[in-house]
Amino acid sequence: MLHKKIKEVRISKNVKQVVLANALGITVQAYSMKEGGKRPITTDELELIAAELDVPVSTFFEN
């Protein structure tokens, strides 16, 4: 699932949720819900997350 891959990459890059929440302009709680699969992640948000983690968007769709 997309949200699990985002979390996996974020942790591997040693990036805290607050960093990505700030990049998206949302609260840490709202980001946590997105990463937990409880809220959808938009294409624009996915691009911002990829940029902040310095990976291509395709990374989130690889095994």
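Note that the numbering runs from 1 along the sequence shown for the chain. As the structure is a prediction and not an experimental result, all values here were calculated from the model.
- A single hydrophobic cluster is not seen to contain both Ile11 and Val19; linkage of ILVMFWY side chains at heavy-atom distances under 4.5 Å, directly or through other members, places them apart.
- With hydrogens and angles disregarded, a donor-acceptor distance shorter than 3.5 Å links the side chain of Ser12 to the backbone of Val9.
- Residues Arg39 and Ala30 approach most closely at NH1-CB, 3.6 Å, considering heavy atoms.
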| query | Between Tyr31 and Ile41, is a side-chain contact (heavy atoms from CB on, under 4.5 Å) present by the stated rule, with each step listed? | reply | CA-CA 9 Å; Tyr31 178 79; Ile41 298 171; over 6 Å; no

| request: Test Ile6 against Lys34 for side-chain contact (heavy atoms from CB on, under 4.5 Å), laying out the working first. | output: CA-CA 10 Å; Ile6 291 171; Lys34 288 179 179 287; over 6 Å; no

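- Here the closest non-hydrogen pair linking Arg10 and Leu20 is CD-CD1, 3.6 Å.
- Residues satisfying the side-chain hydrogen bond (donor to acceptor under 3.5 Å, both in side chains) criterion with Glu8, sequence neighbours excluded, are Lys5.
- Note that the NZ atom of Lys7 and the CG atom of Leu2 stand 14.0 Å from one another [nearest 0.5 Å].
- To the nearest 0.5 Å, atom CG of residue Asn22 and atom CG of residue Leu48 are 12.5 Å apart.
- With hydrophobic clusters built from ILVMFWY side chains whose heavy atoms lie under 4.5 angstrom apart, Met33 does not share a cluster with Ile49.
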| task | With side-chain contact (heavy atoms from CB on, under 4.5 Å) as the test, would you mind laying out the steps for Leu24 and Asp44 before giving the verdict? | result | CA-CA 9 Å; Leu24 297 179; Asp44 289 341; over 6 Å; no

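- Of all heavy-atom pairs between Val57 and Ala50, the closest is CG2-CB, 3.8 Å.
- Taking the side chain as every heavy atom from C-beta outward, Val55 and Lys13 approach each other to under 4.5 Å.
- Under the 4.5 Å side-chain heavy-atom criterion for grouping Ile, Leu, Val, Met, Phe, Trp and Tyr, Phe61 is connected to Leu53 within one hydrophobic cluster.
- No option in Gln17, Lys4, His3 other than Gln17 meets the side-chain hydrogen bond (donor to acceptor under 3.5 Å, both in side chains) test with Glu35.
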| side-chain contact (heavy atoms from CB on, under 4.5 Å) evaluation trace for Thr42 with Glu45 | CA-CA 5 Å; Thr42 67; Glu45 289 172 334; 3.1 Å; yes

